[in-house]
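It should be emphasised that the depicted structure is a prediction, and the values quoted were computed from it without experimental measurement.
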Amino acid sequence: MTTQAPAPLHWKLVVDAADPHAQADFWAAALHYTPEDNSALVERLLSLGALSGEATVEYHGRAAFRDLIAVRHPDDPYDPETGTGLGRRLLFQRVPEPKTGKNRLHLDVHAGPERRAEEVARLQALGARVVREVEEPAGRWVLMADPEDNEFCVQ
């Protein structure tokens, strides 16, 4: 009797944010990702009365959810009816409270040693800041913080 391994689970990384759309813009530019276009879904929910106008905003000239927005890898598949990515994606959701402590989970952006300084400068121009440069026997990287102070590393 052979046992079939379970299929891998689909996932997304969810990030709390004071301004999800600004965070989506930063991370889309930082990672060269694409902001999701959920306008068809938003318009459909509005027309059905399942979503109020107060729950929406205009984002890059189209209707979007007010409290959440995702960015996805441009080469990954997505659902054309909802605009939702089906692969690598980050979802930013509005929360009322500010970030108060160290991240328990963070992204590592792999630029490589030859491009690290260039990427750090590009990310700073987008609104990130350098927290510190790290050099350890295990490697070298730059610890940065995005515009809402979420830490990430550039390796």
Test item: Asp76 side-chain N/O and Leu86 main-chain N/O as donor-acceptor pair under 3.5 Å:
no

Side-chain heavy atoms of [X] within contact of [Y], under 4.5 Å:
| X | Y | value |
| --- | --- | --- |
| Arg62 | His60 | yes |
| Leu143 | Val154 | no |
| Glu54 | Arg66 | no |

Would you please name every residue forming a ring-ring contact (aromatic ring centres under 6.0 Å, His included) with His73, sequence neighbours left out?
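Once residues adjacent in sequence are excluded, the partners of His73 under the ring-ring contact (aromatic ring centres under 6.0 Å, His included) criterion are Tyr33.
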
What closest approach, in Å, do [X] and [Y] show between heavy atoms, and which atom pair accounts for it?
| X | Y | value |
| --- | --- | --- |
| Ala30 | Leu123 | CB-CD2, 3.4 Å |
| Asn150 | Gln23 | ND2-NE2, 3.4 Å |
| Gly53 | Leu46 | N-CD2, 3.8 Å |
| Leu51 | Ala55 | CD1-CB, 3.5 Å |
| Ala70 | Arg89 | CB-NH2, 3.4 Å |
| Ala18 | Glu148 | N-OE1, 2.8 Å |

Please answer: with hydrophobic residues joined when any side-chain heavy atoms are less than 4.5 Å apart, are Val71 and Leu105 in the same cluster?
yes

Would a single hydrophobic cluster contain both Leu13 and Val109, if residues Ile, Leu, Val, Met, Phe, Trp and Tyr are joined by side-chain heavy-atom contacts under 4.5 Å?
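Same cluster.
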
Taking side chain to side chain donor-acceptor pair (under 3.5 Å) as the test, write out the residues that go with Tyr59, two or more places apart.
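Here the qualifying residues are Asp25.
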
Should we say atom [atom1] of [X] is surrounded by more than 12 heavy atoms from elsewhere, each under 6.0 Å from it?
| X | atom1 | result |
| --- | --- | --- |
| Tyr78 | OH | no |
| Glu97 | CD | yes |
| Arg44 | CZ | yes |
| Lys12 | NZ | no |

Quick one about Asp67 and Gln93 (side-chain donor to acceptor, distance below 3.5 Å, no hydrogens or angles considered), yes or no?
no

So does Arg72 pair up with Glu36, basic N to acidic O under 4.0 Å?
no

Carboxylate-amine/guanidinium proximity below 4.0 Å for Arg129 and Asp149
yes

With salt bridge (charged side-chain N to carboxylate O under 4.0 Å, His left out) as the test, would you mind laying out the steps for Arg116 and Glu119 before giving the verdict?
CA-CA 5 Å; Arg116 184 181 304 120; Glu119 281 300 308; over 6 Å; no

Pairs involving residues 102-114, ordered by first then second residue, that meet salt bridge (charged side-chain N to carboxylate O under 4.0 Å, His left out) (sequence neighbours left out):
none

Ring centers of Trp141, Phe152 separated by less than 6.0 Å
no

Check step by step if side-chain hydrogen bond (donor to acceptor under 3.5 Å, both in side chains) holds for Gln155 and His110.
CA-CA 5 Å; Gln155 297 185 332; His110 295 270; 3.2 Å; yes

